[in-house]
2 protein chains.
Amino acid sequence: MSEEREITIYDIAKYLNISAATVSRGLKNNPMISKTTRKKITDAAQMLGYQSNAFASNLRSRHTHTLGVIVPRLNSYFMSSALAGMENAASRYGYNLIIAQSLEDAEKEKRNVATMFNKRVDGLLISLSYNTQNINHLEPFFKRKIPVIFFDRVYPHNESTSVGINNFEAAYQVTKHLIDQGCKRIMHLGGNVLRNVYQERLDGYRKALQDHHLPFTEKLHLTGPLSEQAGEDAARHILELSPDKRPDAVFSANDTAAVYCMLALQAAGIRIPEDIAFAGFNNDPISKVIAPNLTTVEYPGDSIGHTAATYLINHLKGISDLYATNAITLRADLVIRASSLKNKHPE
Amino acid sequence: MSEEREITIYDIAKYLNISAATVSRGLKNNPMISKTTRKKITDAAQMLGYQSNAFASNLRSRHTHTLGVIVPRLNSYFMSSALAGMENAASRYGYNLIIAQSLEDAEKEKRNVATMFNKRVDGLLISLSYNTQNINHLEPFFKRKIPVIFFDRVYPHNESTSVGINNFEAAYQVTKHLIDQGCKRIMHLGGNVLRNVYQERLDGYRKALQDHHLPFTEKLHLTGPLSEQAGEDAARHILELSPDKRPDAVFSANDTAAVYCMLALQAAGIRIPEDIAFAGFNNDPISKVIAPNLTTVEYPGDSIGHTAATYLINHLKGISDLYATNAITLRADLVIRASSLKNKHPE
DNA sequence: GAAACTGACGTAACCGATTGCATTTTTTAT
DNA sequence: ATAAAAAATGCAATCGGTTACGTCAGTTTC
């Protein structure tokens, strides 16, 4: 039952009859320490079961080897992939991740940011909540020059970098693909345009329509949370339209809404892609399971997370300068599957 | 460009002409401090933009308000749900989460555990990697009486608690359900029996067979990583059997393998559930998208995570005693869907 | 052989909040 | 008004590494 006392560098120092300073240096492979004493130190540390106390170290050296991550939700495929990518990069370089979720709430996001600051994270990776209006809550970070990287849902700021894809271009390609398939009345299920990703996807969609001389119709533009429910609601909305007013294609800003819209429409006897073609966004696992398989955009969460974290760490190590880089854009390819193929023999 | 200096309690103390000790107490709402000075302190703190330094605090008070979480992979639906549940519970009580993934590698898990220990987490939540043989690497935690909770993939240990479901019972129910549907040759796709969840699911399956006087056939028991590939491999295996030797049902220990097995079989012309009934495990989102919808077991990641974290925190606060509790078992209901319904009119 | 230098290690002052104990101030009781 | 009790605040040690600076023995240089 006796509480084991903590082994410190002082214990090692006493054991070897040397100073704590030497022990500290020896453990960090400081070249000032001779090979022989260094060996003695590491051996003694091993023997005594020494475990370094990160606090004491942080308190003095003023960095924590910890990165803060704030995401809207942890449990989406994209986010958990992004986190996995970050964790891989971070652990490779000896960094840890403190993860918090805003639950799409700007207020909780503010509290998360404050906590991260108090825990003195060395850098922050953040994807903004659904209704965050501005980034004033990040000021403490900017003031203290603690680097911030936005990923996925970014915010323009000239002292921090954004990591994501070209949403405009991807949405343009999706829409163009649907147009190439002969679709003329393409519906768009979008998210809150406060978030750049949804704004840019909407813009790409509109630009493609315009370039192909198709009108943009407000009635074919639905905005919502892109949830399962939202997908089903969209289906109901479509079914309530008179058949000649119905869209002949749906481009959803995520796969979840697309898939649940498809399921509801199919239940009502609508054929996909013959009656209505479908395209989503994210390349979520469900897109490969739904019948017909869903055309979508590969949104590489793992790469985005890995890139963002690596970049942040490189900045911290002085290898690259984050302030010079405004944005990093990763490749996001269109993944064409059966849900959008109206032409049996596409050229 | 000037680095803003950090505001400390000493700055507040100097500003108000009081001692740092009083400031420290005032900020923590210590009742020993009068209401008026407390107000003055918080106001000054606000005014000066004070942010507490968690290190200094931790170093002295010896707890971090941080929980370590080690999971095999971040990007599975179950795990990300569990993490989300943990984060909700933790943030409610002012705790943070440091998250690391073992990538199913026992060695990386060991390193993760050591890091968590060095960062002095107040408690540890862990789901073991695929090939972890023992829990010797957790000894430092046990020695220092730092509480450890296992969730999902647990390990028997009489000083720590496990949170999960009754896998044996759930698997029994799944198998019984398939038998009730008239199935007689039920195949099982299982995982590594080193992990309790897979061992127990296998046991439940076997017990149900036995109770219903059905033989257990080694040929109908496949063990693997339960990945998409594993599901497709299982399908190929089934198709290679002569039709009279084929199973009339498949019970997979997760939904991913079940779904990809179904897709491959369907592509080969096999009808589900008429030719082969299917059941999975986890209630992953894909189970609701596959046609026919997959019968499965609701494995409540969110609840498991929330419960595990709450329990750990209650222990830390002295509200409950973790050492007295051996296991917490959550409800896991069978979710019957079309993939297993051979009888058109089930009673 | 004295001065200058180098390598290896020790000394001690931090980092910023916490807390047992001492001290001062205020309140209560007599 | 005064002693006693209670409340409020201050003092100073402490947590465990880190690091600027000092020391000292041994080596090099001329």
Side-chain angles (χ1 to χ4, degrees), chain A residues 3-42 44-45 48-66 94 115 117-120 122 144, chain B residues 3-42 44-45 48-66 94 115 117-122 140 144:
Chain A
E3 286 278 326
E4 299 260 340
R5 218 187 61 74
E6 189 131 354
I7 306 291
T8 72
I9 54 170
Y10 296 99
D11 298 320
I12 300 179
K14 200 167 295 170
Y15 181 79
L16 294 175
N17 268 322
I18 56 179
S19 79
T22 304
V23 175
S24 172
R25 294 192 181 99
L27 288 172
K28 295 173 54 194
N29 290 323
N30 187 317
M32 195 185 282
I33 304 300
S34 75
K35 267 213 182 305
T36 54
T37 29
R38 208 185 308 173
K39 179 84 169 63
K40 272 195 287 186
I41 290 168
T42 50
L48 298 174
Y50 168 79
Q51 300 268 4
S52 87
N53 183 325
F55 302 147
S57 165
N58 295 336
L59 176 58
R60 188 65 222 257
S61 64
R62 339 215 32 119
H63 52 298
T64 59
H65 285 271
T66 300
T115 310
F117 188 86
N118 283 1
K119 295 241 170 176
R120 299 295 192 277
D122 287 350
R144 306 275 333 268
Chain B
E3 285 279 325
E4 299 261 340
R5 217 186 64 73
E6 189 131 352
I7 306 291
T8 74
I9 54 169
Y10 297 99
D11 298 319
I12 300 179
K14 200 167 297 169
Y15 180 78
L16 295 175
N17 269 320
I18 56 179
S19 79
T22 304
V23 175
S24 173
R25 294 192 179 99
L27 289 172
K28 293 174 56 196
N29 289 323
N30 187 317
M32 197 184 281
I33 303 300
S34 74
K35 266 211 183 307
T36 54
T37 29
R38 206 186 308 173
K39 179 86 168 64
K40 273 196 286 186
I41 291 169
T42 51
L48 298 173
Y50 168 79
Q51 300 269 3
S52 88
N53 183 325
F55 302 148
S57 167
N58 295 336
L59 176 57
R60 187 64 223 261
S61 63
R62 335 211 41 116
H63 51 297
T64 59
H65 284 269
T66 301
T115 308
F117 188 86
N118 283 2
K119 294 240 170 177
R120 299 294 193 276
V121 295
D122 287 350
R144 305 276 333 268

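All of these numbers come straight from a predicted model, not from anything done at the bench. Numbered from 1 within each chain, the chains take letters A, B, ... in sequence-line order.
Atom P of nucleotide C:dA8 and atom NZ of A:Lys40 are separated by 13 Å, given to the nearest angstrom. Straight-line distance from the OH atom of A:Tyr50 to the P atom of D:dG16: 10 Å, rounded to whole Å. Atoms CG (B:Leu16) and C1' (D:dA8) sit 15 Å apart, rounded to a whole Å. In this entry the distance linking CG of A:Leu27 with P of D:dT19 reads 13 Å, nearest Å. Whole-Å rounding puts the B:Lys28 NZ to D:dT9 P distance at 16 Å. Rounded to an integer number of Å, the gap from A:Ile9 CD1 to D:dC15 C1' is 12 Å. Atoms CG (A:Asn118) and P (C:dA17) sit 10 Å apart, rounded to a whole Å. Atom C1' of nucleotide D:dA7 and atom CG of B:Asn30 are separated by 12 Å, given to the nearest angstrom.
The structure places CD1 of B:Ile12 at 7.5 Å from CD1 of B:Ile9, a figure rounded to the nearest 0.5 Å. With rounding to the nearest 0.5 Å, the separation of OH in B:Tyr50 from CD1 in B:Ile41 is 11.0 Å.
B:Thr37 and B:Ile33 get closest at one heavy-atom pair: OG1-CG2, 3.5 Å. The heavy-atom pair separating A:Thr66 from B:Lys119 by the smallest distance is OG1-NZ, 2.7 Å.
For B:Thr115, the side chain to side chain donor-acceptor pair (under 3.5 Å) test picks out no residue, with sequence neighbours left out. In terms of the side-chain contact (heavy atoms from CB on, under 4.5 Å) criterion, residue partners of A:Ala54 (sequence neighbours excluded) are, by chain and number, A:Asn58. Remark: A:Asn53 engages no residue in a side chain to side chain donor-acceptor pair (under 3.5 Å) (not counting sequence neighbours). With sequence neighbours excluded, no residue forms a side chain to side chain donor-acceptor pair (under 3.5 Å) with A:Ser52. Among residues two or more places apart in sequence or in another chain, the side-chain contact (heavy atoms from CB on, under 4.5 Å) test is passed with B:Phe117 by A:Gln51, B:Arg120, B:Pro140, B:Phe141, B:Arg144, B:Ile146.
A:Ser24 comes within contact range of at least one nucleobase, with a heavy-atom separation under 4.0 Å.
The salt bridge (charged side-chain N to carboxylate O under 4.0 Å, His left out) contacts involving residues 29-40 of chain B comprise B:Lys39-B:Asp43, where partners must be two or more places apart or lie in separate chains.
An angle of 40°, rounded to 10°, separates the two end axes of the helix from C:dG1-D:dC30 to C:dT30-D:dA1, each defined over five pairs.
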Nucleic acid footprint by protein, nucleotides 9-15 of chain C - heavy-atom cut-off 4.0 Å, B for base, S for sugar-phosphate alone:
BBB-BBB
Across nucleotides 24-29 of chain C, 5' to 3', mark each nucleotide with B, S or - according to how protein heavy atoms within less than 4.0 Å reach it.
------
All N/O donor-acceptor pairs, side-chain side in residues 19-31 of chain B, below 3.5 Å, sequence neighbours left out:
from, atom 1, to, atom 2, distance (Å)
B:Ser19, OG, B:Ala21, N, 3.4
B:Ser19, OG, B:Thr22, N, 3.2
B:Ser19, OG, B:Thr22, OG1, 3.1
B:Asn30, OD1, B:Met32, N, 2.8

